[in-house]
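Written out below as structure tokens is the structure these notes cover.
Order of the sequence lines sets the chain letters (A, B, ...), proteins ahead of strands, with each chain counted from 1.
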2 protein chains.
Amino acid sequence: VPARLTRAHAAELDAADPLAALRDRFVLPKEVRYLDGNSLGALPVGVAEAVAAAVSSQWGQHLIGGWNADGWWEAPRRVAARIAPLVGAVPGEVTVADSTSVNLYKLLVAGLRLQPGRKVIVTDPDNFPTDLYLINEVAATFGGAVRHARPADLVGALDASVAIVAYTEVDYRSGERTAMDAVTALAHQVGALMLWDLSHSVGAFPVDLGRADADLAVGCSYKYLNGGPGAPAWLFVNRRHLDRFHQPLVGWTGHADPFAFDPTYHPGQGIDRARTGTPAVLSLVALEAALEVFDGVDLAAVEAKGRALGDFFIELTDTRLKPYGLEVASPRDATRRGNHVSLAHPGAYPMVQALIDRGVVGDFRAPNLARFGFGPLYTRFVDVWAAVDTFVEVLASGAWQDTRYQDRAPVT
Amino acid sequence: VPARLTRAHAAELDAADPLAALRDRFVLPKEVRYLDGNSLGALPVGVAEAVAAAVSSQWGQHLIGGWNADGWWEAPRRVAARIAPLVGAVPGEVTVADSTSVNLYKLLVAGLRLQPGRKVIVTDPDNFPTDLYLINEVAATFGGAVRHARPADLVGALDASVAIVAYTEVDYRSGERTAMDAVTALAHQVGALMLWDLSHSVGAFPVDLGRADADLAVGCSYKYLNGGPGAPAWLFVNRRHLDRFHQPLVGWTGHADPFAFDPTYHPGQGIDRARTGTPAVLSLVALEAALEVFDGVDLAAVEAKGRALGDFFIELTDTRLKPYGLEVASPRDATRRGNHVSLAHPGAYPMVQALIDRGVVGDFRAPNLARFGFGPLYTRFVDVWAAVDTFVEVLASGAWQDTRYQDRAPVT
């Protein structure tokens, strides 16, 4: 084994890591190498206390008064103001509400309404399944049509009938990253709106929707934003569209005057009109506390560390896992990659299960991928090294072929 | 003051209350008369511990493994199984997801799809604003039409063009309760589907969607179910419709095989198809723990106590508040009333604020209603007595006319 692939070298990389201290902002189980922060980010230190206060001191003692006294009513705006700089938006372009899926529906319908006379939604046939379901549903319901094109083939799919181009920036399987600025510019050349799903982007590296001049975006808050299981999602609407933005899930919190109980809907000012019902306050409080881990953090450094972790993992894989038939199924060029690396093998499912039993947590994505994510705020180079070392044990011993691993139920 | 309107008599009523011990299942601030459980139910005792465990022991220690190890994945089903008997449904007819508004959108669209050739949605012009907004939106978008008729005038509004009759069982302002069985039967006579919003019903008295043979229903979980601010909502689809039920918010958790990451949507078995995105686990855990307060509780006794509390409040109002110009704006017949009573007065807004400052918590509903709800699980007759006594002080002293009360921001 070359010196640069030893545990000692991994420890040196950690010692030189300018972000190493950020790990102290998280509660992490001992003896676990957690490489699944791309599915569910780790627990930030301040969350337990914030949530306990929301339950016992706020709800328990202030009851309905919590909406004012404890700022619940303003919480979506405060959380949005924390997310906006992470995606290159101004605060008035982002709100926090509902799930990513529900928000995607709002944007797709509102996007078609912004584009009268155009009906085609272009998307990647390998987009995340929910995105495909919703695009198909909205197209079928609202007189649209779906056109499939991978980002590399986008030019040939564009014409004046295209209303929206809807892509996910980082592929949930391969980790391949699409060039946001260039693709947005292509969409705009034919007058299409550009909608980005940033679920695997936000918090992992700098995103600049403003520089890209993107029109619409959604994202999840429980991956690299560490907001907790099922944390409320966010959405972005470029401010140039807000006045004409009309989403279909019209509820009282999106009304211009929620407390007037007006029988007629008048959309709220700006991004507030993208809201629908009463926000899930406890989950929102958790997310708000979680976002404090980004205070003072340079996202360019986060991106650099994520790439270095991924490169180290790929190098270790090529040397130590490839002999067992594992192939890197993610871009080797870190600039074309998000923050996870997938390895292809027909036995990926039981391998992932065997690793989990040994404290190495990645996940499986059908049909044959073992996926490993590198939350740059808390993942160490020694974690990556140890994960691969354990993987070698599992492969060399044949432990992964135990039938109980094949039979175990999947996790999300 | 008649003997039956004294504090001593209120204390006797509490002593004789078969549900009095249930109050111990809640954490309540001292010195507060909480009459707003119809907006946000009080905190059940077990919630803080359950949520703390979900954050620290589950998310913090098990990370992504919490979906299996801690039962997050099954949580919507478990919570639905607790709500189903409260509304007279079988467990496979109820799911827990999203907000009431989002669920209402799903049911309205799916309901129209179940009724090809029919396009009219009949609703009450005084329905809750969100319900009106969504009904208008869905009708406008899906080729429908809206017809307004109060429940008392329903017969004249029914014909073979009616797809859905959508009512809220208990009016959020007056508290007037609509006869669920009779109205559902009327809708069925012309082949319409009956959709009930049970936000102000569930947990306050027995609801029997099965006996009424209702088709669709939604409800909120943070009022009489005490699930916490913005708790996930629930929805009901009569099992006879499930096979053909096709809602538009198609997401991965509603898919027949969520972990196959199938690019084509195939709706899940039964009620699972009404789900969309990843559930807000922390809020869901709070709701699950909160529902334990209903263990062994007879809802008929809950209803009886709620009616008695309301009757006592009305009697006190007639004797002690009416001289100051306050009028009961709710049905006096308890069988025609939900679990809150509203009083009309042009000064209702500042009056409610002045009461809140004195530890009596009700709320205001535009344009002129002071609204008081009686969570039967924790409200005592002495609370009702003391609330009215404080109200008399506020009126007699003119304290409510202080301008700071008029200027204060509203609470939900």
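At a 4.5 Å heavy-atom cutoff, the contact between Thr264(B) and chain A is made by backbone atoms alone. In this structure, chain A has a heavy atom under 4.5 Å from the side chain of Tyr34(B), while its backbone stays farther away. Both the backbone and the side chain of Ser56(B) come within contact range of chain A, with heavy atoms under 4.5 Å apart. Contacts between Asp262(A) and chain B at a heavy-atom distance below 4.5 Å involve backbone atoms as well as side-chain atoms. For chain B, the nearby parts of Pro263(A) are the backbone and the side chain; heavy atoms of each come within less than 4.5 Å.
With respect to chain B, the highest number of heavy-atom pairs below 4.5 Å among Leu104(A), Val27(A), Leu63(A) belongs to Leu63(A). In terms of non-hydrogen atom pairs under 4.5 Å with chain A, the most contact-rich of Ser101(B), Ala54(B), Pro125(B), Pro232(B) is Ser101(B). Of the listed residues (Val361(B), Val250(B), Val102(B), Leu282(B)), the greatest number of heavy-atom pairs within a distance under 4.5 Å of chain A belongs to Val250(B). For the set Ala69(A), Gly251(A), Ala231(A), the entry with the most heavy-atom pairs within less than 4.5 Å of chain B is Gly251(A). Residue with the most contacts toward chain B among Ala260(A), Ala140(A), Ala42(A): Ala42(A) (heavy-atom pairs, distance under 4.5 Å). The candidate from Pro248(A), Ala52(A), Ala286(A) with the greatest count of non-hydrogen atom pairs under 4.5 Å with chain B is Pro248(A). The candidate with the highest count of non-hydrogen atom pairs below 4.5 Å against chain A, out of Val47(B), Leu43(B), Thr100(B), is Leu43(B). Note: Arg113(B) leads Gln58(B), Lys30(B), Arg113(B) in heavy-atom pairs under 4.5 Å with chain A. Contacts with chain B were tallied for Leu134(A), Thr276(A), Asn136(A); Leu134(A) has the most, counting heavy-atom pairs under 4.5 Å. Looking only at heavy-atom pairs under 4.5 Å with chain B, the residue among Gly254(A), Gly228(A), Gly37(A) that has the most is Gly228(A). Ranked by heavy-atom pairs under 4.5 Å with chain A, the first of Phe26(B), Tyr105(B), Trp59(B) is Trp59(B). Between chain A and the options Gly227(B), Ala97(B), Pro44(B), the largest number of non-hydrogen pairs under 4.5 Å is found for Gly227(B).
A salt bridge is absent between Lys106(A) and Glu137(B); no separation between the charged side-chain nitrogens and carboxylate oxygens falls under 4.0 Å. Note on Asp171(B) versus Arg365(B): no salt bridge recorded, every NZ/NE/NH1/NH2 to OD/OE distance being 4.0 Å or above. Electrostatic pairing of Lys223(A) and Asp36(A) does not count as a salt bridge here, judged by no charged N lying under 4.0 Å from a carboxylate O.
Judged by the 6.0 Å and 45° rule, Arg275(A) forms no cation-pi pair with Trp234(A).
For the pairing with Val79(A), the side chain to side chain contact (heavy atoms under 4.5 Å, CB included) check across Val96(A), Leu225(A), Thr95(A) returns one residue only, Val96(A).
When ring centroids are compared, His255(A) and Tyr133(B) come within the 6.0 Å threshold.
In this structure, a donor-acceptor pair under 3.5 Å is present between the side chains of Asn127(B) and Thr123(B). Looking at Trp252(A) and Thr278(A), their side chains do bring a donor and an acceptor atom within 3.5 Å of each other. Asp70(A) and His62(A) share a donor-acceptor pair across their side chains, judged by distance under 3.5 Å alone.
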Would Phe364(B) and Phe259(A) count as a ring pair (Phe, Tyr, Trp, His ring centres under 6.0 Å) if you check the C-alpha gap in whole Å, the side-chain angles of each, and the deciding distance to 0.1 Å? CA-CA 9 Å; Phe364(B) 169 78; Phe259(A) 294 100; over 10 Å; no
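No donor-acceptor pair closer than 3.5 Å links the side chain of Arg371(A) to the backbone N or O of Asp363(A).
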